[in-house]
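Each remark here refers to the structure printed beneath this line.
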Amino acid sequence: GGARAGWLAAQRPEWAYLLAEPGADADADGSAWADGPPSRRIGHLTAARRRDPAAARELLAASWSAEPGEERGPLLSALRVGLGPADEDFLERALDDRRARVRDVAAGLLAELPGSRYQARRAARATACVRRDGDRLVVTPPVECDAAMQRDGVAARPPVGVGARAWWLEEIVARAPLRGWGAAPAALLALPVGGGWAAVLHRGLARAAATFGDAAWAAALLEALLPTAAADRRPDDALLVEGLYSALAPAAQVALARRALAGEFDGVGLDRLLDLCPAPWPVELGTAVADHLAALFRGRGRPWRAVELSRLAALRMPASLAGRVAALAAALHEEWPASPHVRAVETLAGILRFRHDMIEELA
């Protein structure tokens, strides 16, 4: 969480464990673990994992059967500190817990554990459903969602309007390690997919790329998904695209934002993409935003978009563009003096001018 998280942790005594250095003894007598409220018990376990991961895991295992169901998930999350192969057996047992929250935490930790049996099972299911046959992909969706699949997190009930086999295929692909596909992302996505399963396969891969934060897969999948998402405007497609934006490297986010602003595609999730681009924006991105603001009033017929775009730009646009935006605001005011959308651009111009003058004074 960076400096802000450290500041926040310092505000409450029961969060002090978050500030402890590795090896620090946050609770020497163990009273927090034995009698403390849930937050302090999690703190004790987290500090213990920093000192001795194996001993902390055994501490949790010894009391596991007596732990209240609602506290098991947060306690299990503490094993992320010092996570290693020795934790695998305990996490596998947690996959059988009655509480869905506990099972989700266990599955998430096992997914982070390289070489785990959990990862191997997920990869095996994916390769059983999708195989390469020469220069094409052959897809065989599962015919049922058996108990083993559900134990590993595959949701048995599909969303409304989605076929069961398509949903199970998407779930399996979304949970499979991306490195198991054995091909470069662009090369795999270029292969024709038999049986009309391409869209389902690509959605599953996109979910995996967003979940695992894989920049290479995210970039390749965006090229495949953006045309469809822009044409269909389905809310779930837009959310999936935004998840892929988060996985991109900063330079790729900036390049894609410039393409969206230039109208290369329909700007699906543009505000989210601009929000992710590193601030202050590079001059070329700030210039593209200024040009887009002008285009909103002169040709694209969506001046209401200027309000949110100006709000985003006020926090991120470089002050060196103050003059350019001021000139734009003045020109727009001449044409639409009473427009609230123009006032948003004028406010942006005033903020940039103030920032520019402040920087000049401090230089």
Under 3.5 Å: donor-acceptor pair, side chain of [X], backbone of [Y]:
X: His356; Y: Ala319; value: no
X: Arg203; Y: Leu240; value: no
X: Glu88; Y: Arg117; value: yes
X: Arg132; Y: Gly134; value: yes
X: Arg41; Y: Pro37; value: no
X: Ser116; Y: Leu110; value: yes
X: Gln253; Y: Tyr245; value: yes
X: Arg51; Y: Ala56; value: no

Give me the other members of the hydrophobic cluster that Val81 sits in, counting Ile, Leu, Val, Met, Phe, Trp and Tyr linked by side-chain heavy atoms under 4.5 Å, directly or via other members.
-> none
Members besides Met358 in its Ile/Leu/Val/Met/Phe/Trp/Tyr cluster (side-chain heavy atoms under 4.5 Å) |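 ILVMFWY cluster around Met358 also holds Phe354, Leu362.
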Option from Leu201, Val154, Val200 for which side chain to side chain contact (heavy atoms under 4.5 Å, CB included) with Glu170 holds |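 The residue from Leu201, Val154, Val200 that satisfies side chain to side chain contact (heavy atoms under 4.5 Å, CB included) with Glu170 turns out to be Val200.
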Report yes if the side chains of [X] and [Y] come closer than 4.5 Å at any heavy-atom pair, otherwise no.
X: Leu248; Y: Leu276; value: no
X: Pro159; Y: Trp167; value: yes
X: Leu348; Y: Leu293; value: yes
X: Val307; Y: Pro340; value: no
X: Ser246; Y: Arg272; value: yes
X: Leu60; Y: Leu75; value: yes
X: Trp197; Y: Pro141; value: yes
X: Leu328; Y: Leu332; value: yes

Can you get from [X] to [Y] by hopping between Ile, Leu, Val, Met, Phe, Trp and Tyr side chains that sit under 4.5 Å apart?
X: Leu178; Y: Leu225; value: yes
X: Val345; Y: Met317; value: yes
X: Ile351; Y: Val283; value: no
X: Leu285; Y: Leu309; value: yes
X: Ile172; Y: Leu205; value: no

Set of side chain to side chain contact (heavy atoms under 4.5 Å, CB included) partners for Pro74, sequence neighbours left out | Ile42
Side chain to side chain contact (heavy atoms under 4.5 Å, CB included) partners of Ala124, counting only residues at least two apart | none
side-chain contact (heavy atoms from CB on, under 4.5 Å) evaluation trace for Leu91 with Leu76 = CA-CA 8 Å; Leu91 292 172; Leu76 193 64; 3.9 Å; yes
Got more than 12 heavy atoms from elsewhere within 6.0 Å of CD, Gln11?
-> yes
Tell me, yes or no, whether the heavy-atom count around Glu334 atom CD, taken from other residues, nucleotides or ligands under 6.0 Å, exceeds 12.
->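 At most 12 heavy atoms, drawn from other residues, nucleotides or ligands, come within 6.0 Å of this atom.
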ring-ring contact (aromatic ring centres under 6.0 Å, His included): pairs with one or both residues in residues 84-113, sequence neighbours excluded | Trp64-Phe90
Pairs flagged by ring-ring contact (aromatic ring centres under 6.0 Å, His included) wherever residues 101-147 is involved - sequence neighbours left out | none
State plainly whether the residues [X] and [Y] are in salt-bridge range, i.e. N to O under 4.0 Å.
X: Glu144; Y: Arg165; result: no
X: Glu71; Y: Arg99; result: no
X: Arg49; Y: Asp87; result: yes
X: Arg57; Y: Asp52; result: no
X: Arg258; Y: Glu264; result: no

Pairs flagged by salt bridge (charged side-chain N to carboxylate O under 4.0 Å, His left out) wherever residues 152-161 is involved - sequence neighbours left out |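 Sorted pair list: Arg121-Asp152, Arg125-Asp152.
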Please report the closest heavy-atom contact between [X] and [Y], naming both atoms and the distance.
X: Gly153; Y: Glu171; value: O-OE1, 3.8 Å
X: Trp281; Y: Val289; value: CZ3-CG2, 3.7 Å
X: Pro318; Y: Gly286; value: CD-CA, 4.4 Å

Start with the C-alpha distance between Arg316 and Cys277, add both sets of side-chain angles, then the distance that settles side-chain contact (heavy atoms from CB on, under 4.5 Å), and finish with yes or no.
-> CA-CA 9 Å; Arg316 297 163 179 83; Cys277 289; over 6 Å; no
Pairing residues for Asp35 by the side-chain hydrogen bond (donor to acceptor under 3.5 Å, both in side chains) criterion, not counting sequence neighbours = none
side-chain hydrogen bond (donor to acceptor under 3.5 Å, both in side chains) partners of residues 101-112, not counting sequence neighbours, each pair once |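 For residues 101-112, and leaving out neighbouring residues, the side-chain hydrogen bond (donor to acceptor under 3.5 Å, both in side chains) pairs sorted by first residue read Arg80-Glu112.
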side-chain hydrogen bond (donor to acceptor under 3.5 Å, both in side chains) partners of residues 336-352, not counting sequence neighbours, each pair once | His333-Glu346
Check against side-chain contact (heavy atoms from CB on, under 4.5 Å), Val268 and Leu273 = CA-CA 9 Å; Val268 179; Leu273 179 56; over 6 Å; no
Distance-only donor-acceptor check, side chains Gln119 and Arg175, under 3.5 Å | no
Please tabulate, for the side chains in residues 214-223, all donor-acceptor contacts under 3.5 angstrom to protein atoms that are two or more places apart in sequence or on a different chain.
{"from": "Asp214", "atom 1": "OD1", "to": "Ala216", "atom 2": "N", "distance (Å)": "3.2"}
{"from": "Asp214", "atom 1": "OD1", "to": "Trp217", "atom 2": "N", "distance (Å)": "2.9"}
{"from": "Glu223", "atom 1": "OE2", "to": "Arg259", "atom 2": "NH1", "distance (Å)": "2.8"}

Under the side-chain contact (heavy atoms from CB on, under 4.5 Å) criterion, do Cys129 and Trp168 qualify, and how do the steps go?
-> CA-CA 10 Å; Cys129 292; Trp168 298 333; over 6 Å; no
Show me the side-chain donor-acceptor pairs of residues 183-191 shorter than 3.5 Å, one per line, residues at least two apart or across chains.
none

